[in-house]
Asks: 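Below: one structure in structure tokens.
To find a chain, count down the sequence lines: A is the first, B the second, and so on, and within it residues start at 1.
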Amino acid sequence: MNKYRSHNCSELRLKDENNTVKLSGWVHRKRDHGNLLFIDLRDHYGLTQCVVQSGTEHFKILEKLKPESVILIIGKVLKRSKETINRNLSTGEIEIHINDLEILSESKELPLPVFGEPEYPEDIRLKYRFLDLRREKMHQNISLRSKVISFIRNKMIELGFMEFQTPILTASSPEGARDFLVPSRLNPGKFFALPQAPQQFKQMIMVAGFDKYFQIAPCFRDEDGRADRSPGEHYQLDLEMSFVEQDDVFSTVEPIFFDLFTKFNKGKKISKAPFKRITFKESMLKYGSDKPDLRIPIQISDVTDIFKSSEVKLEIFKKQIKKNSIVRAIPVKNVKDKSRSFFDNLNEWAKSEGADGLAYISLVKSKESFKALGPIGKYFSEKALNELMKKCNITDGDSLFFICDKQKIAEKISGLSREKIARELKLIDENVFEFCWITDFPLYRYDEDLKKIDFSHNPFSMPNIKYEDFDKVDPLNILAKQYDLVCNGVEISSGAIRNHIPKLMYKVFSKVGYSKKNVDKKFSGMIKALSYGAPPHGGMAPGIDRIVMLLANEENIREITLFPLTQNAQDLLMGAPLDASDEQLKDLNLKILKK
RNA sequence: GGGGGUGUAGCUCAGUUGGUUAGAGCGAUCGCCUGUCACGCGAUAGGUCGAGGGUUCGAGUCCCUUCACUCCCGCCA
């Protein structure tokens, strides 16, 4: 028999009546009636009420004992009288009368209470993370994370994927985010980098002929944190498959996500596989984003032509259009009763986001014809209104918001406005998971700061163009076999069919200024690997943290992470990062520069 | 690197236009209480008002600097 317990704290029922049991756990809550003391004993599994009467030595000890102390009790399971049953507890029909007691570990006064679920400042929670994690919500979130990971792992193995570990100490990659560096003692002055992702390794696993690989992989990127992005490290379901095209990857991954979200959905509906597929171009137009939230029933339209025509007399926009600006329209149903301040506030908000403003008209039907209300309503002819109604699918009582700006800004602001308006009008159905694939990303983008062409995503993606045609087109128009999986406006995965042809690889890199020699040097492993018989392959890497966030319905990644860093990348519990001793620095041939 | 928010008792928060000794609830401690499950009642202790500087007869309150946490922009192939 186990030394500490015969049952856990959520196990005992009426059928155990009169049995003597042994329980261990934390003193969750005490209710002291002077001559009668109730203790809620808590462990990972639940709560059990324990009772002790005055006059025993245990009573005196327990009366003084602080909450969150760990105790072992031996006692008899007794049926509760009808009036004292607690329906909120699975063990609420019984209680334990304590006959024997051992204090296993005493708690000091708590810096933050475990009982109840109030909000606490982040720094105190992180400093005492082990206490914070005892709270029910955190305990459930972290448990969910564990269950999600084992579900995924089982599923992948079931589907014939093999799980491999790839190096944590590896080489810095010249593309991408800032690396974490680790000095090498045996190679003075040289550094390992922690992997930003096992990208090159997983491709080499394919070259090595293992066919299907996965890993719950830690990824290290030295970038600043956000609510949905830990500074330092995060986890990806890294997967790769040989002899596949985009559709093969999609049809493998879709059921995994559908099943995963079905299992842990907490009653939410899930968009059925196959998920909607939207090209990058279409997504930027209709949703103003490459991670559209499809729960929002608003689609943006381009109405530049209508504003260009003589049917609209809005000179400010016409001037902008002549300078290469475009006009995007955001239709919003049924807002004619909204106050003037609703529209004005949106206009102010748009300005704060970097737009010139957010113009609008509201449509009303008077007799047989439609009129546009609002500050710029008078500039529209009836014909223009009819065209707008048709194009944007609006009618009596609806409004149209307009953004006129350079394409990049117009897209961004229209997308943000779509989300902002949807939030304010509560148009988002919180009870669904809407998945979609975004496909056909451009291979390159133009870097405004450096005034040069750069990769828009993964440099190892297969371009969607033949080698022979590569030089015949504007590089900025070349698409890649690159795709994202998006759910409710959250990018949960990136992936691609990889470029496994060295000749084409050199060509791809040449457009961003890499010579063949340079590619050979910086990606020597990859190029070599692709030169000795590489299978066509592709895969993706869904972010575990964001998946768990969605399933736990949390806005912040720290709520689903056991021991997160602060925004300044510090571990308040362990005190990391720390100074290195002189000894350590000497070993590593390092000197700290004084600031 | 930049912009915003927050910081008052162990915890959550109040604190008026700058004005006497900075308050409440929870928690803690002590006492009372035999059926609670947010038990109840009473008392007591508990404060560098994040830190430093300034303005003022007088600063929790105004100004400057700074620190911590956080949200956002940049960044995140």
Asks: Give one of base, sugar-phosphate or nothing for A:Asp179, where a contact means two heavy atoms less than 4.0 Å apart.
Replies: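 Here A:Asp179 touches no strand at all.
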Asks: Kindly confirm or rule out a cation-pi arrangement of A:Lys452 over A:Tyr446, judged by NZ or CZ under 6.0 Å from the six-membered ring centre and within 45° of its axis?
Replies: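 No, A:Lys452 does not sit over the ring of A:Tyr446.
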Asks: Give one of base, sugar-phosphate or nothing for A:Pro459, where a contact means two heavy atoms less than 4.0 Å apart.
Replies: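 Contact class for A:Pro459: base.
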Asks: Which atoms form the tightest heavy-atom contact between A:Ile403 and A:Gly357, and what is the distance?
Replies: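 Heavy atoms of A:Ile403 and A:Gly357 come nearest at CG1-O, 4.5 Å.
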Asks: Applying side-chain hydrogen bond (donor to acceptor under 3.5 Å, both in side chains) between A:Asp132 and each of A:His139, A:Arg125, A:Lys137, report the one that passes.
Replies: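 Option passing the side-chain hydrogen bond (donor to acceptor under 3.5 Å, both in side chains) with A:Asp132: A:Arg125.
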Asks: By nearest atom, which of the nucleotides B:rU36, B:rG31, B:rU70 is closest to the A:His33 side chain?
Replies: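 Among the listed nucleotides, the one closest to the side chain of A:His33 is B:rU36.
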Asks: Base, sugar-phosphate, or nothing: which does A:Glu122 touch, judged by heavy atoms less than 4.0 Å apart?
Replies: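 A:Glu122: backbone/sugar contact only, no base atoms under 4.0 Å.
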Asks: Could you check whether A:Thr84 gets within reach of a base, just the sugar-phosphate, or nothing at all, counting any heavy atom under 4.0 Å?
Replies: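 A:Thr84: base contact, heavy atoms under 4.0 Å.
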Asks: Are the side chains of A:Asn35 and A:Gln53 in contact, using a 4.5 Å heavy-atom criterion?
Replies: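 A:Gln53 does not reach A:Asn35 side chain to side chain.
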Asks: What contact category does A:Leu37 fall into here, base, sugar-phosphate, or nothing, at under 4.0 angstrom with non-hydrogen atoms?
Replies: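 Here A:Leu37 touches no strand at all.
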Asks: Using a 4.0 Å heavy-atom cut-off across all strands, classify A:Phe460 as base, sugar-phosphate, or nothing.
Replies: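 Result for A:Phe460 = nothing.
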Asks: Would you indicate what A:Arg29 reaches in the nucleic acid, counting non-hydrogen atoms under 4.0 angstrom: base, sugar-phosphate, or nothing?
Replies: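 Sugar-phosphate only.
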Asks: Which nucleotide, in any strand shown, forms a Watson-Crick or G-U wobble pair with B:rG1, with both distances under 3.5 Å?
Replies: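 Pairing partner: B:rC73.
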Asks: Rounded to the Å, how far apart are A:Glu555 CD and B:rU70 P?
Replies: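 Whole-Å distance recorded here is 16 Å.
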Asks: For A:Phe455, answer base if it contacts any base atom (sugar-phosphate contacts may also be present), sugar-phosphate if it contacts only those atoms, and nothing otherwise; contact means non-hydrogen atoms under 4.0 Å.
Replies: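 Sugar-phosphate: the residue A:Phe455, judged by heavy atoms under 4.0 Å, touches backbone atoms but no base.
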Asks: Using a heavy-atom cut-off of under 4.0 Å over every strand shown, decide if A:Asn88 touches base, sugar-phosphate, or nothing.
Replies: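 The answer is nothing, as A:Asn88 stays clear of every strand by at least 4.0 Å.
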Asks: So if I take every side-chain heavy atom of A:Ile124 and compare against B:rC75, B:rC11, B:rC37, which nucleotide ends up nearest?
Replies: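 Nearest to the side chain of A:Ile124 among the choices is B:rC11.
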Asks: Return the value, rounded to whole Å, for the distance between atom NZ of A:Lys82 and atom P of B:rU36.
Replies: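 Going from A:Lys82 (NZ) to B:rU36 (P), I get 17 Å.
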Asks: So what does A:Gln199 touch, heavy atoms closer than 4.0 Å: a base, only the sugar-phosphate, or nothing?
Replies: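 Answer is base: heavy atoms of A:Gln199 come under 4.0 Å of a base.
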Asks: For residues A:Lys79 and A:Leu14, report the shortest heavy-atom separation together with the two atoms involved.
Replies: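 That closest heavy-atom pairing would be CG-CD2, 3.5 Å.
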Asks: Students often get this wrong, so: under 4.0 angstrom with heavy atoms, is A:Lys64 touching a base, only sugar-phosphate, or nothing?
Replies: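 Here A:Lys64 touches the backbone only, sparing every base.
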